[in-house]
Structure formats: C-alpha cells, structure tokens
> 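My questions will all concern the structure given below.
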Amino acid sequence: MGRIVGIDLGTTNSVIGVLEAGRPFVIANAEGSRTTPSVIGYNKDSELLVGQQARRQLVLNPKNTFSNLKRFVGRTWQELDENSLNVAYTVRANDQECVRVICPVTEREYAPEELIGSIIRKLIDDAEKYLGESIDSAVITVPAYFNDSQRQATRDSALLAGIRVERILNEPTAAALAYGFDKSSSSRVLVFDLGGGTFDISLLQISNGVFDVKATSGDTQLGGNDFDQKIVDWLANEFYNEHKIDLRRDRQSLQRLSEAAEKAKQELSGLQTTPISLPFIATGSNGPLHIEAKLDRKKFEYLCTDLIDRLSIPVENVLRDSGWSAEDINDVVLVGGSTRMPMVQQFIRTIVPITPSQSVNPDEVVAVGAAVQAGIISGELRDLLLNDVTPLSLGLETVGGLMKVLIPRNTPIPVRQADVFSTSEANQSSVEINVWQGERQLANDNKSLGKFKLSGIPPAPRGVPQVQVAFDIDANGLLQVSATDRTTGRKQSVSINGGSNLNENEVAKLIKDARDKADIDRKKRASIDQRNNALTLVAQAERKLRDVSLEFGPYGAERQQRAVEVALRDVQEFLDNDDLVELDMAVSSLQEALFGLNRRISAEKRTDNNPIQGIKNTFGSLKDELFSDDYWDDDPWDYSQNDNGRYNRRELDRRELDRRELDRRELDRWDNDFYN
Ligand code: AMP
C-alpha cells in the first residue's frame, strides 16, 4: 500500500499531515506555510489559483475568488441559511436545486465539490513534492456533525482530485487521536472545535490506546465567519445610518469589510480595543467616503451574545447523551482558530472549570490526528483502536409522515440495524423507502437522504407483507440501505449518494475530463514552472553581475562575468522565443556560469584577506597576467569583446589552448616557489 496522508479540509484553512517514523507531522506547502487558505480563484487569464495566491486576489477579483465553500458542500439550495449566502461571489441553484458557483472569467459554473477538489489536489501536489513520492489515498476529516450527504460530497471532492478516501474521520475525533495517541493514562476528554465555519463538540473516553467516542454534537452553520459577520453588519449599519449607502451591496466593499472584520476580531483576542480603517470604501455625492472606527472587546462580545448562546445547545446535548456531568471530564482540548477568542474560552470555563490542554496546536491538531489515523490504517501504528459514533439519527418515513428511527444518534459505528415494515393499503405491489437523517419527529423537518422503491410485492391484505429494511453505516459514517420482501426474497439495496451537489454521472464525467486534461495540465504547469525558474535565475544572475561589478569593477572577474552575460543572453532569447527545449540547456549553462563566477569571487575574497596579497600586489603587471581569468580552467571558449562591443563566443584553436597550458604550468611553478 502506498503512503496515506491525513487532510484537514477546513472552512478557512486546510492542512496536510503524514506519519514519518511513527510520528505524525504537518507538511508545509510550496509557499512554505503549514496551513493553506481554503480559497480558490481564477485570474484574468483564467488560470486556476489555489491557497495563498487565490486569497491575495480576494479583494481585487471578488467575483472570481471563492472562499468558505465548505458551507455549501452536500447541501441543497433550500438548506442554506442567509449567512452562508453572504459571499462576494455569485451562487445560484441549478434546476435540481443543487448549489452552483458562478465564475465569470472562465464562463463556467462549478459545483462546490469540484472547487474543493482543487484544494485537495494542491495539498497532495505539495506533499508529493515534499515526500518525493506519489500519494493516491488519504484520510479526510469532516465536522462530526456532518450528515451523510455532506460526507458523500466530501468523498466526491477527493475523487475529483484523483484521491481515494481511506477513511472519513470526524474532526474532534481526529483531535483526540492527536492529543492521546502517545498517552497511556486513562482520561475523559472534551473536544471543543470551533473553526471558521463549523462547530463540533465531542466527549471521549481514552484509555491505553482505545478511543471511545461517547457522544458528539454540533452546528455545521456556526463558526468564526459568523463572528466576522457581526462586525461587518455593525460597520455597514453605522455607515448606512450616516451616508445611506449599503456597503454590503458592493462586492469589493463587502470583501474589504469582511477582511477588516476578521482582522479586528483576531486582534481583539489579544487587545482590549482595535482601530478599523477602510479608506475610500465608497463614493458619496461629495467625494470619497472612509471608515475610521474603533471597536472594543466589550462591544464585540455584546454583538456576539446570540452566537455564544448557540454554542450552548450542542454542549447540553452532548452532556445529556453521554450521561456524563462536567465533573467527570479530566481534560479539555481546544481545536480551531476561533477558540482563541476570550469570550469562547470563558464560555468553555463555565461548562468545565479546568484549564484546557496546552499540548496541541489548535490549527494543526486535526491534520495531525488524520495522519495518526492514516498510520493506523497502513499498519504503521498498532495498539490504537478508534470507536466513533454516528452524529445524527437515521430512519424511515412511515404513515402520516412520521420519522421512524432505526439508528439513534451517538450509536457506535460501524453498525447494522434492521426492522420489519408492512404495506398501508390492500394489494399494494410496491413500497417506497424514504430515508431521513435528523432529530425531528416529522420526517419532513429532517434531511432527506434519498428514496427508492421495492416492487413486485404479491397481492395481500394491508399489513400482511413483511418488508425488512436494513441500514448499514460503515466506519466512515456512510450509509447503505437495503429492503427485502420476506415472502419473495426480492431485495433492493442502494448506497445513499444523492447528497452531493453532483450526481453520479457528473462525478464520473468530471473525473474523466480531469484525467484527459491531466496530461495537458501537467505539461502546461511544467512549462510555467520552467519559465518561472528561468526568470528567477535571470533575476539572480543580473543581481550577481551588478554586485560583482560594484565590488570588483567590471573586469574584476572578467571571464566569469562574461560567461554569465553570454549565458544570460541565451536564456533571455529562448524565453522571448518560448523555445523551452533550448531553454533548459541555456538555464543549465547559466547555472554553471554562475557557479564559476561564485567560485571565482570567493577565491578572490580569500586572497584579498591574505597578508601575502599585499606582496602580490607589488608584482604589478606580472600579477595581472598571472592572475588573469584565463588561468582558472581550460574552457575552450573566448569571451572577449569584439569591435562592435558584443561578446565573442568563438572556440579557441588548439595553438591558443597549448599556449595557455604552458602559461598555466608557469603559474603553478611560480605559485610553488612563492608560497613554499
Ligand atoms: P480554522 O478553521 O481552525 O482554521 O479556524 C479559522 C477561524 O479561526 C477563522 O474564522 C479565523 O478568523 C479564526 N481565528 C484565527 N485566529 C484567531 C484569533 N486569534 N482570534 C479569533 N479568531 C481567530
């Protein structure tokens, strides 16, 4: 089995980890950062940008830059709340009520899963480069409170990135794994996970490598973004009251407001008050308008009281479901950047009055736990056992639209549960199995996961046929449903996979497209990389030539300087002509020439510091000749200047080389006599 990585696919940031020599660690991305912004964008040339590059164009190109996509994953249009739609890009429902993101520059609409697939691909590409081997599978974390559709959709995103999902792991469970995988003591742990877009809370019993999740709860539409939104609304309302302009209607202003709000929020985690300055945010009848405001922590906390109240509902649920009281909890693990807010920490202290564990980094702990789980799957880590639970109840719709629960929430997974149902009318030849997930009594108030028909039931009075319906939840929390007519043995089973914003055919088509395009993309990326590397080298060479001229004069290391200049001109010429085959060779020559120049400079510096140099200088013209560039190696090329001021690139003839060889021997002799 190849290497399996662990991926924390966050609303705001994503992180990738791997197990190396039995220890989990986080892999930095190509930009050198351990977290990658979960942002995707297209620039004006329709080039795909992922992570920091995309984040950088959020304000200037808001229509083509997509953040917070995790809130749309596996959700239908009707399920979205107003806050989720408060984004600077355009989102719409297609005719099947699936969420689509509009990208004007590529003139295409995307399913959120497709865009998230690009984030996964970037994480994998960077990790492959770092590890020097290819990766084809991963453990991917999701909020514990994600329903079946959201899990299926996450798996689809990975499929679109060409990655097999070995396990879908709940984020708080991953955090607990990271916290406890090397601890032998027994403890009861509360994991409080408040990220950018989701909130999860889990209670676990950890003892001797066995991780038992007792209960989990959460809110998949509550996170740091909602706290930002409070500041955005406050600023926008004040501005509206003063100038009668709603800044939220302008994409660029909205994006600038959101960025300033997030910054202010983060600063208020350390400071009591913070200034917010947004010059030229709009134009009024008398010219440009600015925001110059001050927000203090007390006011911010006042604005967010309802959000803190919302946190308490899942907390109460989880304590009730586990049967534990606050006193039973030995440790609290904080996960997610939003747990840095003092009001959140105070809230947690009101539930469990102990100091949270400091042993884990809230930004990386989930990816580290995913890497541990990857190690368990690959067999690298033994003696660890994870028993997770299903977050939400699963059931069927019965007569009167009621929900009949087959698997209650917080049941340990994997699990299989079956029940027998019958017909509601005489001679009914088929039954419709309608699968729901959620905690409400009426099926309609819950989330429909899909429906299917079992037909061919022999005619019989109402209530006589016996249809056995079985639910299977695997270790990923994914559901399979089957129905069997006990009289005929006829069986119908389905994997519930209608949850994603993409149907099976669309996923298959996108994967095929991606495969077809992969080769073209790879070549395109390779040529872009090649050009970029060449440009970087050109800049380095130009800088070096300038520095050397300044330090040693234009003829200080003349031959090596000329060699760099000639190679530099070649590289530039091939870059201009887009001749990538020749470019490779020219780049190698330039690297060699730079190496020669560096070697020459360091030798020059060494002799400069040498007291004997003083004596050497007295040799005047003799020194000039003996230390001339021609003696450094037997390069058969002439780099002197011709009459037009251009440099020669002429191969020296045999006689000239022989003459130089004689001179070289003379120099060696002189060297020996002089230094010994
Ligand atoms: P995560 O999903 O764990 O990357 O968390 C991202 C969320 O944490 C974003 O909403 C950030 O604004 C928020 N965050 C990060 N650092 C801080 C901080 N110092 N104070 C408040 N919120 C923060």
Side-chain angles (χ1 to χ4, degrees), residues 6-17 26 29 33-39 51-52 55 58 67-71 73 83-84 86-87 116 119 123 140-146 154 170-172 174-175 178-179 191-201 218-232 255 257-274 276 295-297 299-301 303-304 307-308 310-311 333-348 356 358 360-370:
I7 295 179
D8 166 16
L9 205 53
T11 312
T12 319
N13 293 302
S14 296
V15 186
I16 184 164
V26 164
N29 61 21
S33 175
R34 294 159 73 85
T35 57
T36 300
S38 305
V39 186
Q52 192 54 40
R55 193 174 204 283
L58 264 172
S67 57
N68 292 329
L69 290 159
K70 190 167 166 181
R71 285 194 158 186
V73 162
N83 264 355
S84 317
N86 230 331
V87 286
I116 288 180
I119 302 177
L123 294 170
I140 298 197
T141 59
V142 294
Y145 216 56
F146 253 23
T154 305
N170 292 332
E171 286 165 9
Y179 159 86
V191 181
F192 190 99
D193 178 357
L194 188 62
T198 56
F199 170 50
D200 268 332
I201 181 160
D219 187 336
T220 55
Q221 301 291 302
L222 176 60
N225 294 338
D226 299 285
F227 292 79
D228 301 344
Q229 191 58 41
K230 293 287 178 190
I231 302 180
V232 169
Q255 192 52 51
L257 275 179
S258 305
E259 296 218 335
E262 184 177 14
K263 186 164 166 277
K265 171 191 78 175
Q266 295 186 352
E267 281 173 359
L268 287 175
S269 293
L271 302 170
Q272 285 299 332
T273 175
T274 184
I276 301 174
L295 181 61
D296 62 38
R297 193 188 282 176
K299 170 85 181 172
F300 175 46
E301 293 181 351
L303 293 173
C304 300
L307 300 179
I308 296 292
R310 274 172 70 188
L311 289 174
V333 175
L334 299 185
V335 186
S338 303
T339 55
R340 293 202 176 94
M341 281 185 281
M343 68 178 122
V344 173
Q345 294 184 353
Q346 274 154 19
F347 167 77
I348 299 166
Q358 303 289 331
V360 294
N361 174 343
D363 298 324
E364 297 180 355
V365 59
V366 171
V368 168

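These values consider heavy atoms only, across backbone and side chains, with no hydrogens, waters or symmetry-generated copies. Atoms within a ligand are numbered from 1 in the order they appear, just like the ligands themselves.
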> Taking 4.0 angstrom as the limit and counting only heavy atoms of Glu262, give me the atoms of ligand 1 inside it, by number and element.
9 (C), 11 (C), 12 (O)

> Among all protein heavy atoms, pick the one closest to atom 10 (O) of ligand 1 and tell me residue, atom and distance.
Lys265 NZ, 3.0 Å

> Which residue holds the protein heavy atom closest to atom 1 (P) of ligand 1, what is that atom called, and what is the gap in Å?
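Nearest neighbour among protein heavy atoms for atom 1 (P) of ligand 1, to 0.1 Å: Gly337 N, 3.8 Å.
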
> Report yes if Gly224 has an N/O atom closer than 3.5 Å to an N/O atom of ligand 1; otherwise report no.
no

> Considering non-hydrogen atoms of the protein only, which is the closest contact for atom 2 (O) of ligand 1, and what is the distance?
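Residue, atom and distance for the closest contact: Gly196 N, 3.2 Å.
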
> Starting from atom 6 (C) of ligand 1, what is the nearest protein heavy atom, named by residue and atom, and what distance separates them?
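For atom 6 (C) of ligand 1, the nearest protein heavy atom is Thr12 OG1, 3.4 Å.
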
> Using a 4.0 Å cut-off to any heavy atom of Gly336, which atoms of ligand 1 qualify?
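Atoms satisfying the 4.0 Å criterion: 3 (O).
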
> For the residue pair Gln221 and Ser84, what are the closest heavy atoms and their distance?
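Here Gln221 and Ser84 meet closest at OE1-OG, 2.9 Å.
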
> Asn29 and Thr35: which non-hydrogen atoms are nearest, and at how many Å?
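The answer is ND2-O, 3.6 Å.
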
> Less than 4.0 Å between a side-chain N and a carboxylate O, is that true for Glu267 and Lys263?
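A salt bridge links Lys263 with Glu267.
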
> For Gly196 and Thr12, work out which heavy atoms get closest and say how close.
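Taking Gly196 first and Thr12 second, the nearest heavy atoms are CA-OG1, 3.2 Å.
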
> Can you confirm, on distance only, whether ligand 1 has an N/O atom lying under 3.5 Å from any N/O atom belonging to Asp363?
no

> Check each atom of ligand 1 against the heavy atoms of Gly195 and keep those under 4.0 Å away; list them by number with element.
2 (O), 5 (O), 7 (C)

> Is it true that the side chains of Ser14 and Thr36 contain a donor and an acceptor less than 3.5 Å apart?
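No, Thr36 and Ser14 have no side-chain donor paired with an acceptor closer than 3.5 Å.
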
> Is there a polar contact between ligand 1 and Asp228, counting only N or O atoms under 3.5 Å apart?
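No; every N/O pair is 3.5 Å or more apart.
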
> Heavy atoms only: give me the nearest Val191-Ala175 pair and the separation to one decimal.
CG1-CB, 3.9 Å

> Taking the side chain as everything from C-beta on, heavy atoms only, tell me whether Val39 gets closer than 4.5 Å to Ser67.
yes

> Short list, please: which atoms of ligand 1 are under 4.0 Å from a heavy atom of Asn13?
4 (O)

> Restricting to non-hydrogen atoms, name the atom on Leu123 and the atom on Ile16 that form the minimum distance, rounded to 0.1 Å.
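Taking every non-hydrogen atom into account, O-CD1, 3.6 Å.
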
> Is any N or O atom of Thr11, backbone or side chain, closer than 3.5 Å to an N or O atom of ligand 1?
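By distance alone, the answer is no.
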
> Enumerate the atoms of ligand 1 whose separation from the nearest heavy atom of Met341 is less than 4.0 angstrom.
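Within the 4.0 Å cut-off of Met341, ligand 1 contributes 21 (C).
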
> Measure the spacing between NZ of Lys265 and CD of Glu262 and express it to the nearest 0.5 Å.
5.0 Å

> Where does Gln266 meet ligand 1, judged by heavy-atom distances below 4.0 Å: at the side chain, the backbone, both, or neither?
both

> What atoms of ligand 1 come closer than 4.0 angstrom to any heavy atom of Arg340?
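Here the atoms of ligand 1 in question are 15 (C), 16 (N), 18 (C), 19 (N), 20 (N).
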
> Is Gly10 near ligand 1, meaning one of its heavy atoms is under 4.0 Å from it?
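Heavy atoms of Gly10 never come under 4.0 Å of ligand 1.
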
> If you apply the rule side-chain contact (heavy atoms from CB on, under 4.5 Å), what do you find for Asn170 with Asp200, and how did you get there?
CA-CA 9 Å; Asn170 292 332; Asp200 268 332; over 6 Å; no

> With a 4.5 Å cut-off on side-chain heavy atoms, are Phe192 and Thr339 touching?
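Yes, close enough: below the 4.5 Å cut-off.
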
> Please identify which atoms of ligand 1 are closer than 4.0 Å to at least one heavy atom of Ser269.
18 (C), 19 (N), 20 (N), 21 (C)

